[in-house]
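Take a look at the structure below.
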Amino acid sequence: MNAKRILMAEAAVLGGAALALLIAEFPGIVREVRLWRMAGFRPGPGNPLRAKRA
């Protein structure tokens with residue numbers, strides 16, 4: 001095997017591992033987004049959590 005094939009195989013293994021981790025963590029990510037929405041966190045200029053208080 002030459003070096004290019006080894007690097008391609010390593011990239012494929014790392015990409016697959018990253019994808020598997022993302023799929024495994026997806027339900028937790030969805031849960032966190034729901035919690036942020038319930039807490040009133042909205043990205044953007046109208047966000048009350050980021051607004052400067054006088």
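- Within the hydrophobic cluster formed by Ile, Leu, Val, Met, Phe, Trp and Tyr side chains joined at under 4.5 Å, directly or through other members, Leu21 stands alone, with no partner residue.
- The hydrophobic cluster analysis finds Val13 isolated: no Ile, Leu, Val, Met, Phe, Trp or Tyr side chain comes under 4.5 Å of it, directly or through other members.
- Grouped by direct or indirect side-chain proximity (heavy atoms under 4.5 Å, Ile/Leu/Val/Met/Phe/Trp/Tyr only), Val30 sits with Phe26.
- Leu7 shares a hydrophobic cluster with no other residue; no ILVMFWY side chain has heavy atoms under 4.5 Å from its own.
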